[in-house]
Structure formats: C-alpha cells, structure tokens
Amino acid sequence: MTDAPYSRITGTGGYLPERIMTNAELEAVVDTSDAWIRERTGIEQRRIAADGETTCDLAEVASRQAMDAAGVTPQELDLILVATTTPDKIFPSTATLLQARLGNHGAPAFDLQAVCTGFVYALSVADQFIKTGMAKTVLVVGAETLSRITNWEDRNTCVLFGDGAGAVVLQASESPGILSTRIHADGQYETLLHVPSGPSRLPATDDVAERTMCMKGNEVFKVAVNTLSQIAADILSDNRISPDQLDWLVPHQANLRIINATARKLKLSPDQTVVTVDRHANTSSASIPLALNEAVRDGRIQKGELILLEAFGGGFTWGAALLRF
Ligand code: UT7
C-alpha cells in the first residue's frame, strides 16, 4: 500500500470529430423523422469521424487535453487504459497505439471491452491499481468510432450513435477521490444488443447486418432503466450517502428518457444532471468522460463536489462510480 491510498481525477479531456450529422440528414437516408428521434431519444445531432480518422486519433486529442489539465507528462503515466468497442486494429491494442503516439515507453497499456460501460469498468480497474500501489498516474480513456459499426440502412440503430473520445488522468491522492466503484455483467443478454460477427465468428463477412450493431431497443430500454436505478441505490448505500448529498449525476448518454428516469428516482433536478446526448448521441464508452469533461470545462462541476457516474450497455454490462471531484 502506498502512503496515498486513494485515487483522484486530476484532469479531464474530450474530443469530437468536426463533422456534424443532423437528424434532418438521416431523414434522407432511412424512414425516420427529426420529431421521432428527438421525442424518443433526445438526440438532435451526432459527430461522425472523417474517412481515415480512427479511434486512436480521437483518443490522442482527448488524452493530451486531460494530461495538460492534470499537469502530467506522458512519461509520468504508469498505466494506460483505453475502453473501446471500435479499436483501430484487432491488435495491437488501441492503448498501445496511443502509448506510441504519446511517447510513453514501458508502462502497461491495454484495451478494455465492456461496450457502453467500458469507461466505468476502466475507471474501476485504474482505481484498484492505484489503491494497491501498482500505479500512481493512470490515463483512462473512452474512445469510439461507432459510425464504423453502424448499419446506415437500419433505422432502429443508425439514428442513435456517434463518434468521440473522453479521457481522465487518475492519480494517487491522500484524500478521496473515488469513493467506490461497482461493475457487473450478465452475459445471458448477448443478442439483445450486439454485433453478430467478429474475428473468430464470421471474419471478414460482407453481410452488413452481421458486421454492424443490432439491438432490440425496447427490451434493452426496460432492463436499462431498472438496472441503472438499482445500481445507483446500491452504490449510495455502499457509501452510506443519501441521494440529496449528490451534486451531480453524469450518466451514460444513450437516451434522454433513460437519463431522466434515473435522475427522477434520485430526486435530482435537471440542472444537476449533465446531458450531452442531444449533441453527441450515444458514443458508448466515450459518453461519460465527454460529459464529465464538458461540465468541468464550462465550470458547472467544481472541486470537492460529489458525483455519481453510471452506465449500462451490451453484454449486458453495467456499473457506477461515486467520486469527489
Ligand atoms: O447504450 C447502450 C444501451 N442502449 C440503450 O440503452 C438504448 C435503449 N433503447 C432505447 O433507447 C429505445 O428503445 C429506442 C430509442 C431504441 C427506441 O425507442 P422506443 O420508444 O423503445 O421505440 P420502439 O423500439 O418501441 O419502436 C416504436 C416504433 C416502432 O414502430 P411500430 O412497431 O410501433 O409501428 C418502430 O418501428 O417506432 C418505430 N421506430 C422508428 N420510427 C421512426 C424505430 N426506430 C425508428 C426511427 N424512426 N428511427
């Protein structure tokens, strides 16, 4: 155990590709409407990576911003974690590609795949490394180019997702910091939200439906709402904290109706909930660090405030983190 037994976020960063795709553009591609998308999801637009722009490209900008904010150099990183479902390559990991870009040599670097819960999983892993003294300064990234695994002919999914990256630097600290994390999975829900093909099953298939996301949205929705309310209650009770002590909810951004349902259960006002889904859509593992970064940079989230992060995604996976910023 080190003499600094807690971990604390000391810097945040985020990056969105330049190209904005509006709902109106999607009306021209599939049988949908701006009104339907806004009403059912809260999404107004999303960002789409340029041709040739990769997950690592997005991750690099977000990471450099987070390191600048924390005042750490790449050489000081002793662990690099990238949560992603859309890695640049099957291997090496996006984390090692990012490591090379940053000019860090020797720190362990690996990707973590927990779909939309990826960032919370990665934060939890980073927290354990710091608490056990295995690392002092960790770069934790959530980065995605979901547009590459989107079926642009499927209105059930193509209106929902976007590209982006968010990052935090997590450092050993004498005061908390991360109070606790909870991560869970139940693999029995595989086919409710998945990409059917992969390098082992149907490699290099030409069938678009096999190599893009498919989702039974309504079924996912119901489990997501119940599960997120439960995990929020569980992590607060783990820490003997009541919902009225929370300053902020920074949720995974899949659907405004899911976000509002969780906030209502916690009796949090809309201005205590960070919402980016209207402009970013669902960026999977990037959505929480992007939302956190936005609220930190615009001055809403202040040092010392109590924040609940929560996420739900394919697998199913779900998780939460309670932290003092
Ligand atoms: O991030 C990981 C976790 N993911 C989530 O949490 C996503 C969870 N699910 C959702 O957010 C919502 O279920 C959706 C936004 C995906 C769908 O909203 P919904 O209110 O559950 O709609 P639905 O699937 O029950 O479909 C209602 C109707 C259907 O038409 P009929 O059968 O009632 O005639 C759909 O065919 O809406 C239709 N529909 C659309 N209409 C216009 C489905 N997609 C579209 C669309 N535009 N894009």
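When a ligand or atom number is given, it counts from 1 through the structure's own listing order.
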| Would you call E294 and R279 a salt bridge, taking side-chain N to carboxylate O under 4.0 Å as the test? | yes
Hydrogens and angles aside, do E210 and T205 bring a side-chain donor and acceptor to less than 3.5 Å of each other? no
For a quick test of your reading: what N or O donor-acceptor pairs under 3.5 Å do the side chains of residues 118-126 make, sequence neighbours left out?
from, atom 1, to, atom 2, distance (Å)
Y121, OH, H184, O, 2.7
S124, OG, T181, OG1, 2.8

Residue pairs meeting ring pair (Phe, Tyr, Trp, His ring centres under 6.0 Å), one or both in residues 187-237, sequence neighbours left out, come to Y189-F316
By chain and number, the residues contacting ligand 1 below 4.0 angstrom (heavy atoms only) are D31, T32, W36, R40, T41, C116, R155, N156, V159, L160, L193, M215, G217, N218, V220, F221, H252, A254, N255, R257, I258, N282, F312, G313
| request: Taking atom types as modelled, find out whether T54 and D88 have a side-chain donor-acceptor pair closer than 3.5 angstrom. | output: yes
With sequence neighbours left out, the residues meeting side-chain hydrogen bond (donor to acceptor under 3.5 Å, both in side chains) with S147 are D163
